[in-house]
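In what follows, chains are A, B, ... by sequence order, proteins preceding strands, each numbered from 1. Keep in mind that the numbers below use all heavy atoms, side chains included, and drop hydrogens, waters and symmetry copies. All values reported here derive from a predicted model rather than from experimental measurement.
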Amino acid sequence: MGSAEVDKHTPPSDKHKEKSKEKEKKHDKEDRKHGREDRKQSKEDKKMDKEEKKKGKEKVKDKDDKASFFEVKNEPLSEDDEMPLASRSYSQTSQDSEDDDQPLAFRKKVKAEKPVKRKAEDMAIDDEEDYAASKKKNKKVKEEKKEKPDKKQATPNGASPTKRVKKEKKEEEETWKWWEEEKHEDGVKWKSLEHKGPVFATDYEPLPGNVKFKYNGKEMKLSAAAEEVGSFYAAMLDHDYVTKDVFNKNFFKDWRKFMTHSEKEIITDLKKCDFTHMLTYFKAKSEEKKNRTKEEKQQLKVENEEIVKEYGWCIIDGHKQRIGNFKIEPPGLFRGRGDHPKMGMVKRRVMPEDVIINCSKGTAAKPPAGHKWKEVRHDNTVTWLASWTENVQGQVKYIMLNSASRLKGEKDWQKYEIARQLKDSVEKIRETYKEDWKSKEMKIRQRSVALYFIDKLALRAGNEKDEDQADTVGACSLRVEHISLHEQKNGKQCVVVFDFLGKDSIRYYNEVPVEKRVFKNLQIFMENKKPGDDLFDRLNTTIMNKHLNDLMEGLTAKVFRTFNASNTLQEQLDSLTDPKSSVTEKILAYNRANRAVAILCNHQRAVPKTFAKSMENLQKKIDSKREAIEEAEESYKDLKKEAKKGGSAAAKIAAGKKEKQVEKLKEQLMKLEVQATDREENKEIALGTSKLNYLDPRISVAWCKKNNVPIEKIYNKTQRDKFQWAIDMAGPEFEF
DNA sequence: TTGCGGACTTAGGAACTTCGTA
DNA sequence: TACGAAGTTCCTAAGTCCGCAA
């Protein structure tokens with residue numbers, strides 16, 4: 001393909017395509033070389049085959065019978081398969097049957113402006129019918145419950161009947177055993193859904209007259225709109241964000257859109273803006289808030305509870321369920337993470353006219369007075385109750401149910417079931433991708449190496465990203481600059497050093513010894529590429545997931561993370577738990593197992609600001625506890641002597657008491673030491689994410705039951721609510 | 001067939017609440 | 001009772017993945 005032709009498709013301003021063009025030329029060379037390289041490689045492969053066979057005959061023993069399970073497609077390898085796309089006619093693009101093997105960079109796009117679209121849906125089943133059906137079912141469930149009175153519900157304390165009814169009602173909400181009920185048919189998420197709509201952000205309250213904004217040293221009264229947006233910035237003055245150029249630039253550009261004509265003429269430079277008075281005012285207000293009296297705080301709490309009572313719940317299929325986020329996001333400045341090109345842009349106020357309500361027919365909540373909903377929809381194939389499109393990134397935002405709800409719980413349960421299924425197939429899948437390391441097709445080799453990373457390192461899939469998002473990557477989108485290869489490093493061979501930013505721009509750094517064949521493949525993938533080029537130029541997540549789904553129904557890249565996380569927890573718990581140890585020690589073992597998973601999944605957190613100080617305090621406590629033990633032991637010795645000398649009964653009692661005190665102090669010291677170890681090991685690791693999203697709760701529940709550890713020690717109230725299904729169904733014998 | 005957008009899960013930090021100790 | 005630390009909840013950005021329209 002001539003470059004002139006490329007130019008036709010490549011506006012000079014388009015960075016991606018520019019990059020692609022370079023890649024294209026490079027691939028041309030590269031792939032011609034790959035042709036040679038592949039031949040060279042087959043020799044190399046044979047050599048490695050021999051080595052492998054020597055090393056682990058028993059490992060491959062059952063390979064033959066497994067091979068049929070996940071058959072590698074025996075595609076005839078046409079010359080074109082290995083031919084760089086760049087050397088084919090580019091204009092045919094998608095029509096090209098060989099497009100599969102095209103360096104995928106060509107397909108990258110810069111997001112086009114979204115047209116306003118609307119699905120006309122009306123899929124909800126007739127309300128009356130639904131309600132009748134679901135009520136009938138619920139009645140049955142309730143009756144069953146009546147027969148088996150809950151121990152907790154017995155109120156010997158003589159609670160008033162209304163109180164008791166309330167409590168019973170609450171119990172019922174908490175114990176809807178949806179996991180014992182029949183599932184909805186495929187695609188149907190609910191039969192009836194009723195809610196009060198979202199809560200909107202409070203209106204802007206203009207600043208008091210004495211709070212001044214200054215421009216170029218002079219006081220200036222801002223229009224309401226300009227003041228509101230300016231105050232978003234003022235409130236963030238102490239934050240790291242305002243030290244970033246992109247943030248300031250984006251804010252200022254957007255802020256000007258809210259200014260009057262004359263304000264625009266005057267305010268032309270952000271550096272000349274003085275928001276400090278505004279910030280002082282906000283700080284004083286928040287201080288005021290902190291210093292409210294007990295009564296005021298109580299009053300506020302009651303008011304909030306009222307709001308939750310009215311808007312925080314919905315009735316779905318006849319059951320009352322908590323809504324996760326019933327408040328519409330308030331306006332403010334966009335806080336993109338990492339180097340997000342849109343940070344600082346104004347997130348505008350969402351109005352009822354922006355909001356789509358989803359519910360059963362005839363049950364739509366009224367919009368706030370004087371307003372209309374954008375639309376009322378009755379789509380029971382989705383789980384959201386309301387949605388709107390946010391202005392900064394054009395994404396749809398949703399109001400959805402709480403994680404303790406059936407809708408979320410059922411999905412969660414299903415997720416872990418698929419992960420358990422993978423456990424049964426993973427060995428065969430591993431064999432398959434190891435075979436694929438030798439494939440003649442570059443695309444298959446790349447896929448198999450990427451899958452190896454996903455499996456071994458629990459990397460995320462790595463979807464392609466637009467230019468207007470932070471530059472982060474996952475397995476499929478790794479670039480050459482993100483890895484370095486070392487034949488030898490720290491006494492280990494074939495080491496790959498990963499260094500890239502993953503989700504939320506969290507750094508992933510890992511030095512990993514890999515199999516020789518992977519190492520060789522990586523060398524090939526990197527040949528003649530620039531640091532900014534895709535490592536796997538013939539791969540994306542769609543290709544990967546398509547392949548995975550062929551290997552096992554429902555399998556996607558994400559499942560490996562869930563599987564590896566849960567499997568690690570199970571293994572770690574099995575090896576770290578000493579049945580004879582104390583509950584405190586068992587919990588330390590659990591946290592260590594949890595930590596192993598968090599490390600695997602790279603769940604990091606910033607070191608808490610107060611960490612050093614709190615460690616220091618803890619150390620002081622430990623020291624003084626040691627001193628106390630020494631003293632107690634001394635006096636115990638004396639008392640024992642006295643008692644032995646033929647002391648009084650009182651002396652003997654005193655000695656006995658002291659002995660117990662020493663024991664108690666020692667136990668307290670042990671707890672403090674365990675706490676210190678735990679805290680130190682946890683400094684930069686976030687345990688919550690894996691606990692909430694990756695660890696099959698049945699493993700934890702079974703472990704608690706088996707080891708007599710109260711579940712409250714592992715899961716707090718919210719977590720117990722979320723995992724109620726697992727707590728109910730998993731016995732001590734459960735194995736992931 | 002594929003690019004795109006919608007739906008949903010996963011994520012870390014901020015804000016708020018509770019707990020423990022002096 | 002006050003204060004700081006720890007624990008919990010809230011918030012919303014940033015991922016994954018799938019289905020549908022062009």
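Using a 4.0 Å heavy-atom criterion, one finds that A/Lys289 contacts the sugar-phosphate atoms exclusively. Backbone-only contact: A/Tyr694 has heavy atoms under 4.0 Å from sugar-phosphate atoms and none from a base. Heavy atoms of A/Lys297 sit nowhere under 4.0 angstrom from any nucleic acid atom.
Taking atom NZ of residue A/Lys713 and atom P of nucleotide C/dT8, one finds them 12 Å apart after rounding to whole Å. Look at CD1 on A/Ile323: it is 15 Å from P on B/dC8, rounded to the nearest Å. A/Trp384 places its CH2 atom 9 Å from the P atom of B/dC8, with the value rounded to the nearest Å. In this structure, A/Leu501 atom CG and B/dG12 atom P are separated by 13 Å, rounded to whole Å. Between the CG atom of A/Leu692 and the P atom of B/dT9 there is a distance of 12 Å, given to the nearest Å. Atom CD1 of A/Ile714 and atom C1' of C/dG7 are 15 Å apart (whole Å). For the pair A/Glu410 CD and B/dC8 P, the computed distance is 13 Å after rounding to whole Å. A straight line from OH of A/Tyr508 to C1' of B/dA11 spans 17 Å, rounded to a whole angstrom.
Side-chain contact annotation: A/His184 with A/Asn380, donor-acceptor N/O pair under 3.5 Å absent. The closest side-chain donor-acceptor pair between A/Glu303 and A/Gln299 falls under 3.5 angstrom. In summary, the side chains of A/Tyr241 and A/Arg335 do not present any donor paired with an acceptor at a separation below 3.5 Å, with no hydrogens or angles considered.
Where A/Gln604 and A/Ser387 meet DNA chain B, the nucleotide closest to each residue was compared, and A/Ser387 sits on the side nearer the 5' end. In terms of position on DNA chain B, the residue among A/Ala606 and A/Tyr398 whose nearest nucleotide sits closer to the 5' end is A/Tyr398.
With sequence neighbours excluded, no residue forms a ring-ring contact (aromatic ring centres under 6.0 Å, His included) with A/His195. Scanning for side-chain hydrogen bond (donor to acceptor under 3.5 Å, both in side chains) contacts around A/Asn510 gives A/Tyr508, with sequence neighbours left out. Considering only residues two or more places apart in sequence or on other chains, A/Tyr311 meets the ring-ring contact (aromatic ring centres under 6.0 Å, His included) condition with none of them. A/Phe334 meets the ring-ring contact (aromatic ring centres under 6.0 Å, His included) test with A/His340; sequence neighbours excluded. The side-chain hydrogen bond (donor to acceptor under 3.5 Å, both in side chains) check on A/Lys283 picks up A/Asp238, with sequence neighbours excluded. With sequence neighbours excluded, the residues forming a side-chain hydrogen bond (donor to acceptor under 3.5 Å, both in side chains) with A/Asn594 are A/Ser690, listed by chain and number. A search for side-chain hydrogen bond (donor to acceptor under 3.5 Å, both in side chains) contacts involving A/Lys722 returns nothing, not counting sequence neighbours. Checked against ring-ring contact (aromatic ring centres under 6.0 Å, His included), A/Tyr715 has the following partners two or more places apart in sequence or in another chain: A/Phe723.
For the helix from B/dT1-C/dA22 to B/dA22-C/dT1, the angle separating the two terminal helix axes comes to 0°, with each axis derived from five pairs and the value rounded to 10°.
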Each nucleotide N or O in nucleotides 18-20 of chain B that has a protein N or O under 3.5 Å away: list the pair and distance.
none

Please write out each protein N/O paired with an N/O of nucleotides 1-6 of chain C under 3.5 Å, distance rounded to 0.1 Å.
{"residue": "C/dA6", "atom": "OP1", "partner": "A/Arg679", "partner atom": "NE", "Å": "3.1"}
{"residue": "C/dA6", "atom": "OP1", "partner": "A/Arg679", "partner atom": "NH1", "Å": "2.4"}
{"residue": "C/dA6", "atom": "OP1", "partner": "A/Arg679", "partner atom": "NH2", "Å": "2.5"}
{"residue": "C/dA6", "atom": "OP2", "partner": "A/Ser614", "partner atom": "OG", "Å": "3.4"}

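Distances shown here put every side-chain N or O of A/Lys290 at or beyond 4.0 Å from the OP1 or OP2 atom of B/dA15. Taking only side-chain nitrogens and oxygens, A/Arg720 never comes nearer than 4.0 Å to OP1 or OP2 of C/dT8. The side chain of A/Thr689 contributes an N or O atom lying less than 4.0 Å from OP1 or OP2 of B/dG12. Within the structure, a side-chain polar atom (N or O) of A/Lys408 is placed less than 4.0 Å from OP1 or OP2 of B/dT9.
A salt bridge links A/Glu329 and A/Lys397; the closest N-O separation between the charged side-chain nitrogens and carboxylate oxygens is under 4.0 Å. A salt bridge is defined here as a Lys NZ or Arg NE, NH1 or NH2 lying under 4.0 Å from an Asp or Glu carboxylate O, and A/Lys289 with A/Glu296 fails to meet this definition. Ionic pairing of A/Glu310 and A/Lys196 is present here: one or more N-O contacts between side-chain nitrogen and carboxylate oxygen are shorter than 4.0 angstrom.
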Between protein and nucleotides 9-19 of chain C, map the contacts as a letter string: B base, S sugar-phosphate only, - none, heavy atoms under 4.0 Å, written 5' to 3'. S-SBBBSBBS-
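Out of B/dA11, B/dA7, B/dG13, the shortest distance to the side chain of A/Asn693 is found at B/dA11. Closest to the side chain of A/His239, from the set B/dA7, B/dC8, B/dA14, is B/dA14. You'll find that the side chain of A/His603 is closest to B/dG12, out of B/dT9, B/dG12, B/dG13.
Of the listed residues (A/Phe498, A/Phe560, A/Phe500), just one forms a ring-ring contact (aromatic ring centres under 6.0 Å, His included) with A/Phe453, and that residue is A/Phe498.
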